[in-house]
Number of protein chains: 2
Amino acid sequence: MNQDMAGLKERIHATDREVFFSVLSHIGDKWSLVLLGMLSKEPMRYTQLAERIPKISRRMLTVTLRQLERDGLVERIVHADTPPWFEYDLTELGRTLIVPVRALADWTLDNIDLIIEKRAQYDQENPGS
Amino acid sequence: MNQDMAGLKERIHATDREVFFSVLSHIGDKWSLVLLGMLSKEPMRYTQLAERIPKISRRMLTVTLRQLERDGLVERIVHADTPPWFEYDLTELGRTLIVPVRALADWTLDNIDLIIEKRAQYDQENPGS
DNA sequence: CAGTATCCTGGACGATACTG
DNA sequence: CAGTATCGTCCAGGATACTG
């Protein structure tokens with residue numbers, strides 16, 4: 001393997017690492033998970049999402065939808081009626097993501113009481129933090 | 001069920017929701033996953049972690065370790081030799097979290113090429129974004 | 001209805017210097 | 001060695017107003 005190939009490999013791995021974290025960071029961000037969860041039940045319109053998700057700002061609804069769309073997890077379906085209307089739905093890829101996400105959510109729910117307890121315990125043992 | 005109980009339940013759920021997201025947000029933050037991954041192989045000392053994780057600042061190493069410790073996912077083991085020394089290791093709870101996290105990481109790795117492709121495609125179709 | 005544009009704030013994170 | 005303390009920056013996200 002020559003220098004160039006080694007260099008190339010480095011760069012590919014660096015990029016993968018970035019994308020890897022950029023995808024995972026969507027999972028961790030404030031709204032993606034909520035949207036994914038909502039859309040896993042049924043396709044919904046922009047305004048429906050805005051109504052059912054308390055406290056989300058229009059800006060973040062748009063931004064988050066666009067990110068999810070860009071990653072191919074959600075699609076914007078245009079219905080060509082008159083007047084036209086729009087729906088958001090999970091893609092096939094989005095649907096496969098729901099599986100590990102659900103597993104993580106289940107883990108969190110299963111352990112939430114324990115974590116609350118651990119937190120309280122830690123805070124008690126470490127007052128000045 | 002009387003008013004008070006309904007109110008209590010509301011509040012519990014609200015708290016759960018907060019904790020739920022605060023735990024998930026650890027998963028999404030910049031360093032927790034890396035630390036969890038590192039420690040899933042073997043217990044390590046502070047300086048070892050700092051050396052093996054490129055680019056992490058001492059501050060974020062400390063902050064992230066403390067958060068993980070607070071949630072009961074990582075423990076700081078004090079070895080009472082002279083001089084004493086310290087190790088960080090996953091707790092039992094931390095080890096159980098590795099399972100769904102690994103599943104999510106696997107999903108990301110499995111689909112990373114597709115996502116890169118989708119991203120490029122989206123960017124091409126939507127120039128002004 | 002389904003968004004976009006603009007402005008603003010708080011907090012995550014990094015750099016750096018210091019300490020028992 | 002294993003951190004803590006302080007300061008500064010940047011950007012995610014909210015509030016609000018506007019548009020085809």
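Hydrogens, waters and symmetry mates play no part in the numbers below; they use all other heavy atoms, side chains included. Just so it is clear, the structure is predicted and the values come from calculations on it, not from any experiment. We name chains A, B, ... by the order of the sequence lines, and we start the count at 1 in each one.
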| query | Quick check: are there more than 12 heavy atoms from other residues, nucleotides or ligands sitting under 6.0 Å from CZ of B:R102? | reply | no
What is the distance from [atom1] of [X] to [atom2] of [N], rounded to the nearest Å?
X: A:I77; N: C:dC1; atom1: CD1; atom2: P; result: 19 Å
X: B:I56; N: C:dA15; atom1: CD1; atom2: P; result: 12 Å
X: B:L61; N: D:dG3; atom1: CG; atom2: C1'; result: 9 Å
X: B:L65; N: D:dC1; atom1: CG; atom2: P; result: 16 Å
X: B:R66; N: D:dA5; atom1: CZ; atom2: C1'; result: 14 Å
X: B:Y88; N: D:dA2; atom1: OH; atom2: P; result: 9 Å

| request: Using a cut-off of strictly less than 4.0 Å, decide whether A:R58 has a side-chain nitrogen or oxygen near OP1 or OP2 of D:dC18. | output: no
| query | Any chain of hydrophobic side-chain contacts (each under 4.5 Å) joining B:L109 to A:L104? | reply | yes
| query | Under 4.5 Å between side-chain heavy atoms, hopping through other hydrophobics if needed: is there a path connecting B:L114 to A:L97? | reply |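 Same cluster.
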| message | Quick one, A:D113 with A:K118, criterion salt bridge (Lys or Arg N to Asp or Glu O under 4.0 Å). Give me CA distance, side-chain angles, the key distance, then yes/no. | response | CA-CA 9 Å; A:D113 291 337; A:K118 292 282 180 185; over 6 Å; no
| query | Within 45° of the axis and under 6.0 Å from the centre of the six-membered ring of B:F86, does NZ or CZ of B:R76 qualify? | reply |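 Flagged: B:R76 positioned over aromatic ring of B:F86.
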N/O-N/O pairs, protein side and nucleotides 9-13 of chain D side, under 3.5 Å:
| unit_1 | atom_1 | unit_2 | atom_2 | d |
| --- | --- | --- | --- | --- |
| D:dG13 | OP1 | A:K30 | N | 3.4 |
| D:dG13 | N7 | A:R59 | NH1 | 3.0 |
| D:dG13 | N7 | A:R59 | NH2 | 3.3 |

| said: Testing B:K41, B:R45, B:R95 one by one against B:D89 for a salt bridge (charged side-chain N to carboxylate O under 4.0 Å, His left out), which residue passes? | reply: B:R95
| Pairing nucleotide - C:dG20, Watson-Crick or G-U, each distance under 3.5 Å |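 The base-pairing partner of C:dG20, which may sit in any strand shown, is D:dC1.
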| Any A:V74 side-chain heavy atom under 4.5 Å of A:L36 side chain | yes
| query | Do A:P84 and A:H79 come within less than 4.5 Å of each other through their side chains, counting heavy atoms only? | reply |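 No, their side chains stay 4.5 Å or more apart.
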| message | Can you list, in residue-number order, the parts of residues 42-49 of chain B that come under 4.0 Å of DNA chain D, counting heavy atoms only? | response |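 Listed by number, they are B:R45, B:Y46, B:T47.
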| request: Mind running side chain to side chain contact (heavy atoms under 4.5 Å, CB included) on B:L35 and B:I53 for me, showing each step along the way? | output: CA-CA 8 Å; B:L35 284 181; B:I53 303 176; 3.4 Å; yes
